[in-house]
Amino acid sequence: MGSHRRLAPSGSDRGAGVAVGLLSVAAAALAGAPAGAAPHDDTRARVDRLYQEAERATEAYNEADERADALREQVRARQDRIAREQDRVNTMREALGALAGAQYRSGGLDPALALLLSTEPEEYLEKASVLDRISTRRAGELKELRAALRRLTQERAEAARQLVALDRSRKAVAAHKRTVERKLAEARRLLNSLPDGERAAYDRASRSSRTDLAGAVTGGAPASGRAAAAVAAARAALGRPYVWGGSGPGGFDCSGLVQWSYAQAGVALPRTSQAQAGAGRQVPLSQMRPGDLVTYRDDASHIGMYAGDGRVIHAPYPGAPVRYDPVGMMPISSVTRV
């Protein structure tokens with residue numbers, strides 16, 4: 001399964017709105033079947049539509065979760081900087097306080113009168129020169145302290161803004177999760193309502209291949225050593241369950257499988273199918289080689305890894321484990337070489 005739509009870059013709240021909108025579409029679709037449609041055919045179509053919409057929401061969940069992780073790291077780093085800056089401010093305050101106290105204790109007389117009464121004028125003048133340099137240094141330290149306090153105030157204000165953004169992102173993640181769970185539960189209910197033969201027909205339909213792709217792919221060996229390692233990792237994952245939002249090793253969604261497989265080869269890929277489609281160089285279908293990423297549908301809502309022999313390895317949808325399927329099982333939007 002793999003209908004993945006990325007969140008709009010304006011923020012997590014907009015992503016949550018997208019997910020709610022998708023839920024409304026699904027509700028409208030379930031309101032009634034077209035007149036004259038065969039009941040089982042209509043149920044299978046509704047299941048497929050719900051799966052696609054659920055995975056769009058899954059990718060929105062993946063992206064919101066990734067954004068929340070990034071915000072958490074930013075907040076932690078900023079809080080560390082605030083703690084270090086606060087320690088520095090405290091140290092500067094203590095040093096200036098000690099200097100001010102010493103000057104207060106020794107500076108009760110007017111400088112001219114102190115010089116007049118001094119038994120050692122030359123020694124006094126030397127001390128006065130030192131005190132003058134200390135005063136100049138203290139002025140500089142006070143200026144530095146004020147600058148440090150301004151930085152500390154700015155860091156705290158930015159940390160507060162990031163915490164608000166993190167809270168919004170967490171709420172978006174929770175909203176996407178609820179949307180996915182509702183759609184998958186409804187799809188599973190509908191699929192279970194079909195006779196055994198109809199469920200098998202649904203699975204066969206999901207694995208059908210476009211005949212015009214036969215013989216179109218000429219590539220044989222993997223494009224690189226890391227591509228070969230990624231293919232080996234994906235093959236090792238065959239049979240593992242589809243888990244929405246899963247990125248291994250126990251279960252996967254479609255983009256999670258691709259990300260995990262390349263991670264085993266030492267390559268970091270983005271989390272969503274749309275981002276993965278742009279994570280390398282686009283190549284023609286005729287030049288596709290094992291390890292290339294095959295993205296499906298116009299919205300790049302599903303992704304798999306080409307394994308050779310006209311097949312991809314992918315995580316199809318809930319209830320269907322990681323498996324081989326024909327590369328032409330659905331319309332291809334792009335082929336990416338990492």
Item to check | Taking every non-hydrogen atom, the tightest pair across Asp253 and Gly245 | outcome: OD2-N, 3.2 Å
Checklist entry - For the residue pair Thr295 and Ala277, what are the closest heavy atoms and their distance? => result OG1-CB, 3.5 Å
Checklist entry - Is Met305 close to Val294 at the side-chain level, that is, under 4.5 Å between some pair of heavy atoms? => result no
Checklist entry - If we ignore angles and hydrogens, is there a donor and acceptor under 3.5 Å between the side chains of Arg281 and Thr336? => result no
Checklist entry - Is it true that a side-chain atom of Arg297 and a backbone atom of Ile332 form a donor plus acceptor pair closer than 3.5 Å? => result no
Next on the checklist: Under the criterion side-chain contact (heavy atoms from CB on, under 4.5 Å), I'd like the reasoning laid out for Leu285 against Tyr306: C-alpha separation, chi angles, the key distance, then a yes or no.
Outcome noted: CA-CA 11 Å; Leu285 180 65; Tyr306 187 61; over 6 Å; no
Checklist entry - With a 4.5 Å heavy-atom cut-off, do Val327 and Met329 have their side chains touching? => result no
Item to check | Stepwise side-chain contact (heavy atoms from CB on, under 4.5 Å) check, Leu163 with Arg161 | outcome: CA-CA 5 Å; Leu163 286 170; Arg161 286 193 290 270; over 6 Å; no
Next on the checklist: I need the minimum non-hydrogen distance between Gly291 and Tyr262, along with the two atoms involved.
Outcome noted: O-OH, 2.6 Å
Next on the checklist: As an exercise, state the distance from CD of Glu155 to CD of Gln79, rounded to the nearest 0.5 Å.
Outcome noted: 11.0 Å
Checklist outcome for this item: Here the pair of heavy atoms bringing Ala221 nearest to Pro290 is O-CD, 3.6 Å
Checklist entry - Taking the side chain as C-beta and beyond, is there a heavy-atom pair between Gln74 and Arg78 under 4.5 Å? => result no
Next on the checklist: Any heavy-atom pair between the side chains of Pro326 and Arg311 that's under 4.5 Å?
Outcome noted: no
Checklist entry - Less than 4.0 Å between a side-chain N and a carboxylate O, is that true for Arg84 and Asp80? => result no
Checklist entry - So, Tyr324 and Arg235: side-chain donor and acceptor under 3.5 Å apart, yes or no? => result yes
Item to check | Interatomic spacing from CD in Gln282 to CZ in Arg337 - rounded to 0.5 Å | outcome: 11.0 Å
Checklist entry - Can you tell me if CG on Asn192 sees more than 12 non-hydrogen neighbours from other groups inside 6.0 Å? => result yes
Checklist entry - Between the side chain of Tyr242 and the main-chain N/O of Gly246, is any donor-acceptor distance below 3.5 Å? => result no
Checklist entry - Is there a donor-acceptor pair under 3.5 Å between the side chain of Gln276 and the backbone N or O of Val258? => result no
Item to check | Gln264 side-chain N/O to Ala233 backbone N/O, donor-acceptor pair under 3.5 Å | outcome: no
Checklist outcome for this item: To the nearest 0.5 Å, atom CG of Asp325 lies from atom CD1 of Ile313 at 10.5 Å
Item to check | Exercise: identify the closest heavy-atom pair between Val322 and Ala315 | outcome: CG2-CB, 4.2 Å
Checklist entry - Does Arg289 reach the side chain of Asp292, with side-chain heavy atoms less than 4.5 Å apart? => result yes
Next on the checklist: Quick one about Arg156 and Gln86 (side-chain donor to acceptor, distance below 3.5 Å, no hydrogens or angles considered), yes or no?
Outcome noted: yes
Item to check | Side-chain heavy-atom pair Ile303, Gln259 within 4.5 angstrom cut-off | outcome: no
Next on the checklist: Are Pro249 and Trp260 packed together at the side-chain level, in the sense that at least one heavy-atom pair is separated by less than 4.5 angstrom?
Outcome noted: yes
Checklist entry - Can you name the nearest heavy-atom pair linking Ser255 to Ser273, along with the distance? => result CB-N, 3.7 Å
Item to check | Value rounded to 0.5 Å, distance of OH in Tyr296 from OG in Ser334 | outcome: 10.5 Å
Next on the checklist: Check the orientation of His314 and His302. Use parallel for under 30°, tilted for 30 to 60°, and perpendicular for over 60°.
Outcome noted: perpendicular
Next on the checklist: I want to check something: taking the side chain as every heavy atom from C-beta on, are Leu293 and Val335 in contact at a cut-off of under 4.5 Å?
Outcome noted: no
